[in-house]
Amino acid sequence: MFVRPALAAATLLLLATAPVAVADSYETVTVDPTGTIAEDGTVTLSGTYRCLGNTGPAFVSSSVGQKSPSVRHGIGGTRAVCDGAEHRWENTGKVDTGALEPGTARVEATVMELHPQGGLPLPRFHAAQQQDVTLTTEG
């Protein structure tokens, strides 16, 4: 059916051209300096966040890369409570065995809201952080 690909393309175009709200300096997200990786490729990352003023559902997402700067692995997502208080987040996800290994890795964490605008949920970014972490084996 041609409707679905057309709708998907229109949605992607709309997201690409949507204005990006600049995060308030009070809104933050941090990444803990260590994360874990299990033998089966399960990665756990964590940190803190603070956000406020959401009107749609908000999430803390994270990704990690190590061997190539152009390859990122999404590591879960946590529902965010944007009440102005500092909260902890922890995301867990599984990557292909061997895709990551213990050692230094680059993590990006983002607090993002699906803000209703004109009947469509558009992304509104509250905070983002990139930093190097040390992945350790679970033990």
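Nothing fancy with the numbering, it's 1 onward along the sequence. All values below were derived from every heavy atom in this structure, side-chain atoms included, with hydrogens, water molecules and symmetry-related copies excluded.
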Open item on the list: Under a 3.5 Å distance rule, please check whether Glu108 uses its side chain to pair with a backbone N or O of Gln129 as donor and acceptor.
Closed with: no

- [ ] Indicate, with yes or no, if Val60 and Phe125 share a hydrophobic cluster defined by side-chain heavy-atom contacts under 4.5 Å among Ile, Leu, Val, Met, Phe, Trp and Tyr.
- [x] no

- [ ] Could you tell me whether Glu86 and Arg50 have a side-chain N and a carboxylate O separated by less than 4.0 Å?
- [x] yes

Open item on the list: Hydrophobic clusters here meaning ILVMFWY residues chained together by side-chain heavy-atom distances under 4.5 Å, can you tell me if Val133 and Val111 are in one?
Closed with: yes

- [ ] Apply the side chain to side chain contact (heavy atoms under 4.5 Å, CB included) test between Phe59 and each candidate in Thr78, Thr110, Leu114; give the one that qualifies.
- [x] Leu114

- [ ] Can you run down the salt bridge (Lys or Arg N to Asp or Glu O under 4.0 Å) pairs that involve residues 67-77, sequence neighbours left out, and say none if there aren't any?
- [x] Lys67-Glu101

Task: Side-chain donor or acceptor of Trp89 paired with backbone N/O of Thr30 under 3.5 Å - done: yes

Open item on the list: For residues Met112 and Val107: do they belong to one hydrophobic cluster (side chain heavy atoms under 4.5 Å, members Ile, Leu, Val, Met, Phe, Trp, Tyr)?
Closed with: no

Task: Test item: His73 and Leu100 side chains (from C-beta on) under 4.5 Å apart, heavy atoms - done: yes

Task: Heavy-atom donor-acceptor pair, Thr36 side chain to Leu135 backbone, under 3.5 Å - done: no

TODO: Check whether Val71 and Val43 end up in the same hydrophobic cluster, where Ile, Leu, Val, Met, Phe, Trp and Tyr are linked by side-chain heavy atoms less than 4.5 Å apart.
DONE: no

Open item on the list: I'd like to know if the side chain of Gln130 reaches the main chain of Arg106, judged simply by a donor and an acceptor atom lying under 3.5 Å from each other, with no hydrogens or angles considered.
Closed with: no

